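One is the number of the first residue; the rest follow in order along the sequence. None of these values were measured; they are calculated from a predicted model.
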Amino acid sequence: MRAPGTHYHQDNTIERHLNGVAGWLVWGGIILGSRTDLHVQSVTMRGHIYRDVILEQHVRLFRGAMGAEFLFMDDSARPHRVNIVSECLQSQDITRMDCPAYAPDMNPIGHVWDMLGRRVAARQLYPTCLPELRRALLNEWCNVSQDKIDNLILSMPRSCKACIASRPGDILRMNH
């Protein structure tokens with residue numbers, strides 16, 4: 001967790017170029033005691049792709065297996081918030097937990113993505129092309145400790161309380 005007041009420091013920011021360049025969709029789901037397979041596809045994420053590939057093919061089935069207590073959380077990225085995604089979730093009776101956009105401190109999967117990235121970066125044979133990167137991601141996803149994932153999920157209430165206490169104005173703006 002970063003120190004208070006350092007949110008926008010250079011060490012805590014990642015430059016992103018999202019100007020229509022083709023990218024990769026990397027998606028995985030976590031829950032106490034388990035996780036989904038990691039899905040890696042060469043496609044630029046758009047709302048309809050998120051709906052068709054992720055929600056329809058994976059989240060809907062996962063929700064069916066979990067039952068009515070299922071609560072879905074994403075990182076509030078733009079493709080996750082378009083109307084067709086909200087309509088799909090509503091039609092499938094999937095409750096989504098609201099979370100500020102790009103708030104990894106409040107979302108356990110953000111920490112899992114960080115662990116995954118660190119594991120890939122630490123590999124003895126660093127991936128030098130996209131097929132190697134895909135294989136490395138799939139391999140390292142399996143090697144991320146389920147105990148660490150469970151601890152991240154269990155720490156979520158504490159992380160949310162700390163975030164709200166340190167930035168109450170942001171939380172109030174999010175709700176309007």
Side-chain angles (χ1 to χ4, degrees), residues 1-18 21 23-45 49-50 53-55 57-59 61-63 65-66 70-81 96-167 170:
M1 197 159 185
R2 61 182 171 259
T6 64
H7 182 75
Y8 294 110
H9 286 191
Q10 183 71 27
D11 294 342
N12 296 328
T13 60
I14 299 171
E15 186 176 349
R16 298 176 192 251
H17 299 280
L18 302 174
V21 177
W24 280 47
L25 178 149
V26 180
W27 181 85
I30 59 172
I31 190 167
L32 280 175
S34 189
R35 71 188 98 180
T36 67
D37 290 336
L38 188 70
H39 302 278
V40 182
Q41 296 175 298
S42 178
V43 63
T44 300
M45 177 62 81
I49 292 170
Y50 184 69
V53 174
I54 302 303
L55 297 180
Q57 295 180 28
H58 303 292
V59 174
L61 299 174
F62 199 57
R63 188 254 186 235
M66 296 301 302
F70 180 74
L71 179 63
F72 181 65
M73 183 177 191
D74 58 35
D75 65 3
S76 299
R78 187 172 295 145
H80 303 168
R81 295 300 172 183
R96 176 171 41 194
M97 180 179 174
D98 285 328
C99 183
Y102 305 107
D105 291 345
M106 292 181 64
N107 190 337
I109 196 71
H111 294 283
V112 175
W113 294 139
D114 183 60
M115 280 191 284
L116 182 62
R118 290 174 191 269
R119 292 185 69 91
V120 169
R123 290 174 71 93
Q124 192 171 26
L125 295 174
Y126 190 79
T128 58
C129 62
L130 292 177
E132 287 178 11
L133 176 59
R134 183 179 189 281
R135 282 191 296 276
L137 287 166
L138 293 169
N139 182 269
E140 294 301 340
W141 176 255
C142 296
N143 293 325
V144 171
S145 162
Q146 186 63 46
D147 285 341
K148 286 185 180 183
I149 292 172
D150 290 350
N151 287 336
L152 287 169
I153 293 169
L154 293 171
S155 73
M156 192 176 158
R158 185 182 68 244
S159 297
C160 289
K161 286 178 187 175
C163 186
I164 290 167
S166 69
R167 301 183 70 166
D170 290 348

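Side chains of I54 and L25 form a contact here, defined as non-hydrogen atoms less than 4.5 Å apart. Using a 4.5 Å heavy-atom cutoff, the side chains of R63 and F72 are not in contact. Within the 4.5 Å cutoff, no side-chain heavy atoms of I49 are placed close to those of P79. Using a 4.5 Å heavy-atom threshold, the side chains of N107 and W113 count as separate. Residues R81 and R96 form a side-chain contact, since some pair of their non-hydrogen atoms from C-beta on lies under 4.5 Å apart. Looking at P108 and M73, their side chains come closer than 4.5 Å, going by heavy atoms from C-beta outward.
In this structure L61 satisfies the side chain to side chain contact (heavy atoms under 4.5 Å, CB included) test with no other residue, sequence neighbours excluded. Partners of W27 according to the ring pair (Phe, Tyr, Trp, His ring centres under 6.0 Å) rule, which considers only residues two or more places apart in sequence or in another chain, are H39, H58. Residues satisfying the side chain to side chain contact (heavy atoms under 4.5 Å, CB included) test with P157, not counting sequence neighbours, are none.
Formation of a donor-acceptor pair under 3.5 Å by the R134 side chain with backbone atoms of V40 is found in this model. A donor-acceptor pair is defined here as one N or O able to donate and one able to accept, closer than 3.5 Å; such a pair exists between the side chain of E132 and the backbone of T128. Side chain of R35 to main chain of I149: no donor-acceptor pair is present (N/O by atom type, distance under 3.5 Å, no hydrogens or angles).
The two residues T36 and W141 have their closest heavy-atom pair at O-NE1, 2.9 Å. When all heavy atoms of L137 and V26 are compared, the closest pair comes out as CD1-CG2, 4.2 Å.
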Dump the intermediate steps for side chain to side chain contact (heavy atoms under 4.5 Å, CB included) on V144 and R119, then the final yes or no.
CA-CA 8 Å; V144 171; R119 292 185 69 91; 3.7 Å; yes
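By the neighbour-count criterion of 12 heavy atoms within 6.0 Å, atom CZ of R123 is densely surrounded, having more than that number from other residues, nucleotides or ligands.
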